[in-house]
Amino acid sequence: MAPANFLRAIVAEDLKSGKHKTIVTRFPPEPNGYLHIGHAKSICLNFGLARDFGGRCHLRFDDTNPVKEEVEYIESIKESVHWLGFGWGEHLYYASDYFDQLYEWAEYLIRAGKAYVDDLTAADIRDYRGTLTEPGKESPYRDRSIEENLELFRRMRDGEFPDGAKVLRAKIDMASPNMNLRDPVMYRIIHAPHPHAGDKWRIYPMYDYAHGQSDAIEGITHSICTLEFEDHRPLYEWFLDNLPVPNRPRQYEFARLNLTYTVMSKRKLLQLVQDGDVAGWDDPRMPTLMGLRRRGYTPESIRGFCERIGVGRSDSWIEMGLLEECVREDLNERAPRAMAVLRPLKLVIENYPTDKVEEFDAANHPQKPEMGSRKIPFCRELFIERDDFMEEPVKGFKRLAPGGEVRLRNAYIVKCTGIEKDSTGRVTEVRCTYDHDSHTGGAAAGRKVKGVIHWVSARHGVGAEVRLYDRLCVVPNPSGDDWKSCLNPASAEVLKECMVEPSLATASAEERFQFERQGYFCVDLADSRPGVPVFNRTVTLRDSWGGGQETQRS
RNA sequence: UGGGGUGUCGCCAAGCGGUAAGGCAACGGACUCUGACUCCGUCAUUCCGAGGUUCGAAUCCUCGCACCCCAGCCA
């Protein structure tokens with residue numbers, strides 16, 4: 001059960017006092033983009049509340065603006081919510097399914113003298129609205145007769161006017177200090193088909209008019225949204241007060257999630273997709289749920305993250321490092337270990353028989369014997385990580401260097417006896433001798449050497465592509481018009497010459513592994529093929545050794 | 001300058017008049033055939049500031065200050 005927060009307290013109290021016998025929440029995305037980690041916070045909150053308090057949570061598409069919404073988004077949203085681990089059962093709804101009722105209620109308000117058709121242009125409406133410090137002016141069309149309003153509104157509905165020609169407005173108070181109450185627009189004319197409602201409508205309701213009434217229709221008890229809608233609450237309540245709605249939902253607001261080193265607004269994410277800065281909404285660098293999934297994040301780790309960050313009302317920025325820590329924590333428990341060499345450097349064991357091949361057992365998890373083990377072939381020629389060898393080792397380097405010894409993980413201790421270089425001075429091969437009795441379980445197995453490195457048999461290894469992903473942005477809080485200049489040019493590095501242990505050849509899509517000493521990797525959902533696997537780096541392992549050049553992160 | 005909010009450790013976050021939880025980060029140390037994991041220890045005499053009430057205040061009152069949101073026919 002999630003930790004306590006003010007919303008859980010409110011729900012608990014409402015149940016205890018008998019205000020509600022059961023609670024109903026809802027997750028109301030607009031299908032104008034893919035869901036991101038910020039939505040996960042809302043999903044976990046709304047579905048979590050329903051689950052923990054024996055209520056239910058609806059999935060409702062807030063589809064009131066057909067020019068921005070698409071069927072593709074509707075489908076991706078459903079998939080993302082399911083993937084995250086939540087279900088809505090029979091409770092899948094669309095605000096557009098309430099358009100008839102909403103229309104009837106609009107006429108109801110007109111008849112009550114509380115709504116009118118306005119002919120002012122968008123620009124005029126803006127001018128008449130006044131400013132933050134000055135009251136607005138009433139529209140010259142504000143006092144049309146009920147009959148005229150009714151007729152005009154029906155003609156709007158029937159498509160007799162072009163886009164923008166007229167709007168239906170609630171008649172509230174043009175002098176209200178709350179801008180939302182200065183005769184808000186309820187309906188606008190849009191001659192466009194709707195992804196769910198089809199071509200039935202020429203007029204579409206605004207969010208403020210549709211949302212609360214949809215909540216009321218569905219019997220929502222706690223309508224939870226983000227802080228920027230706080231000013232809308234008086235309007236939300238005005239509609240409920242003035243319409244014959246069947247239920248009285250209550251709106252509560254919480255602080256939206258902000259994450260460092262990425263961008264979160266749908267507008268920016270859409271721009272990244274459209275401008276080709278990323279490969280799509282599910283690019284592993286995107287903070288979208290589909291992106292995180294492809295990156296290798298587990299639903300469990302994201303849920304855990306949402307529990308850890310809590311729910312409050314103060315603006316906050318969560319460190320990306322916390323999200324990363326959450327996947328590590330989950331994957332450390334469940335990801336089998338494997339050896340993979342990302343930047344191969346050949347290593348030849350001079351005193352090892354040329355044709356000999358041995359197989360060593362390697363535990364799939366050092367702390368979990370129940371996860372079993374696998375055989376790893378070993379021979380005279382291996383590949384080791386280029387970074388694990390230094391001709392002139394820096395202070396503190398525990399890996400291989402001329403004359404030094406190192407343990408080959410799950411195998412022998414080797415001693416470097418020499419190197420070979422090409423004409424440019426680049427090391428092309430490392431020569432070693434091995435200690436025959438030092439293999440795991442051998443007579444000298446207990447001998448201590450300061451370093452342990454991973455390796456893959458040159459004869460048995462399998463070629464693989466590995467994509468190293470890093471943070472999307474290079475600054476914690478990218479903002480302003482030049483936010484794109486904060487994009488990390490090294491957020492994706494593709495390595496095509498990697499060598500992985502044979503057992504990885506047939507790994508299936510979305511299988512996750514820890515490549516020992518490197519990080520957690522996930523078989524790419526779209527591009528991996530049997531025999532030619534493609535791995536995405538989810539997150540690196542923690543590295544308490546700076547290696548000389550420490551990257552500052554938070 | 002109108003209205004609505006928020007201010008507790010680097011980042012989150014408990015606390016609701018009885019004398020500052022927890023997580024992440026950081027820093028020491030132990031362990032280690034992953035420089036991983038795990039483990040042990042350190043980490044707010046102080047709660048945006050200043051007054052006041054009280055035996056006692058992060059919690060109540062007053063006055064300030066800072067930051068966020070609102071002038072879409074977006075949500």
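Letters A, B, ... are given to chains in the order of the sequence lines, protein chains preceding strands, and every chain is numbered from 1. Scope of the values below: all heavy atoms of this structure, side chains included, with no hydrogens, waters or symmetry mates.
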If we count only N and O atoms by modelled type, under 3.5 Å, do the side chains of [X] and [Y] hold a donor and an acceptor together?
X	Y	result
A:E516	A:Q514	no
A:S223	A:R26	yes
A:Y261	A:E324	no
A:D215	A:Y236	yes
A:E72	A:Y34	yes

base_contact_polar (B:U34 base, A:Q514 side chain, donor-acceptor, <3.5 Å):
yes
Just say parallel, tilted or perpendicular for the rings of [X] and [Y], cut-offs at 30° and 60°.
X	Y	value
A:F521	A:F515	parallel
A:H194	A:H196	perpendicular
A:F229	A:Y207	tilted

Would you confirm whether A:R155, through its side chain, and A:G159, through its main-chain N or O, come within 3.5 Å as a donor-acceptor pair?
no
For [X], answer base if it contacts any base atom (sugar-phosphate contacts may also be present), sugar-phosphate if it contacts only those atoms, and nothing otherwise; contact means non-hydrogen atoms under 4.0 Å.
X	answer
A:R399	base
A:R313	sugar-phosphate
A:E134	nothing
A:G396	base
A:F397	base
A:P366	base

Separation of [X] atom [atom1] from [N] atom [atom2], in whole Å?
X	N	atom1	atom2	answer
A:N258	B:U6	CG	C1'	14 Å
A:N5	B:C16	CG	P	16 Å
A:R517	B:A36	CZ	P	11 Å
A:H454	B:C33	NE2	C1'	14 Å
A:F305	B:C11	CZ	C1'	11 Å
A:E307	B:G22	CD	C1'	14 Å
A:E319	B:C9	CD	C1'	12 Å
A:I309	B:A14	CD1	C1'	16 Å

Select one nucleotide: of [options], the one nearest the side-chain heavy atoms of [X].
X	options	result
A:S316	B:G23, B:C33, B:A13	B:A13
A:I318	B:U34, B:A36, B:C12	B:C12
A:E325	B:U34, B:U6, B:C24	B:C24

Gap in Å between the two [atom1] atoms, one belonging to [N] and one to [M], rounded:
N	M	atom1	answer
B:U46	B:C31	C1'	36 Å
B:U59	B:G7	C1'	14 Å
B:C60	B:G18	P	12 Å
B:C65	B:A58	P	24 Å
B:G22	B:U6	P	26 Å
B:G29	B:A36	P	14 Å

Just N and O in the side chain of A:S176: are any of them under 4.0 Å from OP1 or OP2 of B:G3?
no
Look at the side-chain N and O atoms of A:K450 and state whether any lies under 4.0 Å from the OP1 or OP2 oxygen of B:G35.
no
Measure from NZ or CZ of A:K398 to the centre of the six-membered ring of A:W545 and say whether it is under 6.0 Å with the direction within 45° of the ring axis.
no
Grab the N/O contacts between the protein and nucleotides 26-29 of chain B below 3.5 Å, and write none if there aren't any.
| residue | atom | partner | partner atom | Å |
| --- | --- | --- | --- | --- |
| B:A26 | OP2 | A:R542 | NH2 | 3.2 |

Mate of B:U54 across any strand shown (Watson-Crick or G-U wobble, both atom pairs under 3.5 Å) is none
Could you let me know what B:U6 is paired to, Watson-Crick or G-U wobble, both distances under 3.5 Å, or none if it's on its own?
B:A66
With B for base contact, S for sugar-phosphate-only contact and - for none (protein heavy atoms under 4.0 Å), nucleotides 66-75 of chain B reads --SBBBSBSB
Over all atoms of both residues, closest heavy-atom pair of A:R188 and A:T64:
NH1-O, 3.3 Å
